[in-house]
A.B. asks: 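Below is a structure I'd like to ask you about.
Sequence lines set the chain letters: A, B, ... in the order given, protein chains first and strands last, and positions in each chain run from 1.
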Amino acid sequence: MTILCGSDEQAFKWTGDVSAARSLQTRLSACVIRENRWSSLQCVAGADVGFEERGAITRAVIAVLQWPTLFLIEYAVARLPTTMPYIPGLLSFRECPALLKALGQLSVMPDLVFCDGQGIAHPRRFGVASHFGLLSGLPTIGVGKSRLCGEHVELDDYEGASTPLLDRGECIGRVLRTRAHVKPVYVSIGHKVDLDTAEQLVGEATRGCRLPEPIRWADGIASRRPSFMKRL
DNA sequence: GCGACAG
DNA sequence: ATCTTGTCGC
């Protein structure tokens with residue numbers, strides 16, 4: 001049952017069948033581990049994706065940082081032809097191939113990955129952070145910049161404020177204000193990390209900016225922002 | 001049928 | 001996400 005998760009997905013091919021992709025997500029979501037399955041952190045990574053050629057090429061970036069100093073150790077950039085369009089709820093099928101390629105190019109395997117996007121805070125509890133975690137086997141945390149699904153009460157405007165993200169009677173994540181006066185981020189379990197730990201780690205990985213440092217690096221490189229490219 | 005909708 | 005012009009603050 002669970003042993004089929006990895007191999008099933010590797011064989012997945014996008015044919016335009018939205019229903020088939022959704023069914024696969026529902027099956028794979030049962031394989032996601034929602035509790036801590038790691039011992040210690042030596043280094044963590046940030047993962048993000050960007051596009052080239054007006055979307056024809058998918059460019060994935062994984063930046064590895066030392067923990068808990070958050071100094072950049074190394075990074076990898078991988079490019080692959082884009083095989084499917086962006087469809088809300090199916091983002092992981094579009095981004096995971098390039099992310100896995102980038103992961104394979106690293107010389108040091110991170111102990112945990114902060115992903116740009118939702119984990120189980122997803123209609124079928126299988127966002128990109130969970131999908132990538134399952135495929136790589138690595139612990140992952142989903143950090144979304146906006147909401148995909150779920151509801152929550154208004155959030156206090158001070159740094160560290162947080163409130164549960166609820167969907168169909170289930171707590172699927174937490175809305176966290178990483179900095180006063182800025183939009184909150186949506187933290188959720190990706191794989192092998194529980195929610196309390198995920199929120200705590202996001203807080204510890206954030207240094208004055210809205211997003212945690214690992215994701216800032218991956219995003220800065222994926223978006224080719226001069227301020228980041230200069231520091232490489 | 002209508003509105004919502006990660007990146 | 002990407003494109004793109006303009007503005008605000010340190």
Side-chain angles (χ1 to χ4, degrees), chain A residues 14 18-19 21-22 24-26 28-29 32 46-63 77-102 113-135 140-152 165-168 170 172-176 178-191 195 198 202 207-212 214-229:
Chain A
W14 174 247
V18 172
S19 297
R22 287 179 179 156
L24 181 56
Q25 291 183 314
T26 298
L28 295 177
S29 65
V32 172
D48 191 26
V49 166
F51 296 89
E52 301 175 3
E53 309 295 307
R54 288 179 311 169
I57 300 296
T58 298
R59 174 180 56 222
V61 174
I62 293 187
V77 182
R79 285 167 234 268
L80 282 180
T82 303
T83 59
M84 68 174 283
Y86 164 67
I87 298 173
L90 301 184
L91 177 71
S92 65
F93 291 104
R94 177 174 156 92
E95 304 192 339
C96 278
L99 286 172
L100 285 175
K101 181 179 177 183
V113 184
F114 292 88
C115 300
D116 189 343
Q118 316 296 337
I120 65 171
H122 176 283
R124 290 163 295 284
R125 312 294 183 253
F126 202 64
V128 63
S130 295
H131 200 154
F132 182 63
L134 202 56
L135 294 177
T140 59
I141 293 172
V143 181
K145 297 186 293 298
S146 62
R147 183 189 64 85
L148 173 59
C149 69
E151 305 84 43
H152 63 87
L165 178 62
L166 311 168
D167 184 49
R168 290 176 290 163
E170 179 186 10
I172 58 174
R174 217 159 275 164
V175 188
L176 173 67
T178 54
R179 188 184 168 181
H181 314 312
V182 298
K183 286 177 48 178
V185 295
Y186 296 77
V187 179
S188 60
I189 290 171
H191 188 47
L195 186 55
V202 167
R207 296 288 158 78
C209 291
R210 184 193 176 209
L211 298 174
I215 290 184
R216 286 192 69 228
W217 272 106
D219 185 72
I221 298 170
S223 299
R224 323 242 87 175
R225 303 221 314 268
S227 55
F228 279 87
M229 302 308 285

A.B. asks: Using Watson-Crick and G-U wobble pairs with both distances under 3.5 Å, what is the 5'-to-3' dot-bracket string of DNA chain B, with [ ] for crossing pairs and | for pairs outside the strand?
C.D. replies: .......
A.B. asks: Looking only at heavy atoms, which two atoms of A129(A) and T140(A) are closest? And how far apart?
C.D. replies: O-OG1, 2.7 Å
A.B. asks: Using a cut-off of 4.0 Å between protein heavy atoms and nucleotide atoms, how would you tag nucleotides 1-7 of chain B 5' to 3' with B, S and -?
C.D. replies: ---SBBB
A.B. asks: Specify the closest pair of heavy atoms between G190(A) and S130(A), including all atoms of both residues, with the distance to one decimal.
C.D. replies: O-OG, 2.8 Å
A.B. asks: Whole-Å distance between dA1(C) P and M84(A) CE?
C.D. replies: 17 Å
A.B. asks: Go through it in stages, so that I can follow the logic: the residues are L166(A) and I172(A), the test is side chain to side chain contact (heavy atoms under 4.5 Å, CB included), and I'd like the CA-CA distance, side-chain angles, deciding distance and then a yes or no.
C.D. replies: CA-CA 6 Å; L166(A) 311 168; I172(A) 58 174; over 6 Å; no
A.B. asks: Would you give the length of the straight line joining atom CD of E95(A) to atom CG of L80(A), rounded to the nearest 0.5 angstrom?
C.D. replies: 12.0 Å
A.B. asks: Rounded to the nearest 0.5 Å, what's the gap from CZ on R179(A) to CZ on R207(A)? Could you check?
C.D. replies: 14.5 Å
A.B. asks: For nucleotides 7-10 of chain C, tabulate all protein N/O to nucleotide N/O atom pairs closer than 3.5 Å, reporting atom names and distance.
C.D. replies:
none

A.B. asks: Could you tell me the separation between the NE2 atom of H131(A) and the CG atom of L99(A), rounded to the nearest 0.5 Å?
C.D. replies: 10.5 Å
A.B. asks: To the nearest 0.5 Å, what is the distance between OG (S188(A)) and CG (L176(A))?
C.D. replies: 12.0 Å
A.B. asks: Between F93(A) and W14(A) (judged by ring centroids, cut-off 6.0 Å), do the two rings come close enough to count as a pair?
C.D. replies: no
A.B. asks: How close do Q25(A) and L90(A) get, counting heavy atoms only, and between which atoms?
C.D. replies: OE1-CD2, 3.5 Å
A.B. asks: Which value, rounded to the nearest 0.5 Å, describes the distance between I215(A) atom CD1 and I141(A) atom CD1?
C.D. replies: 9.0 Å
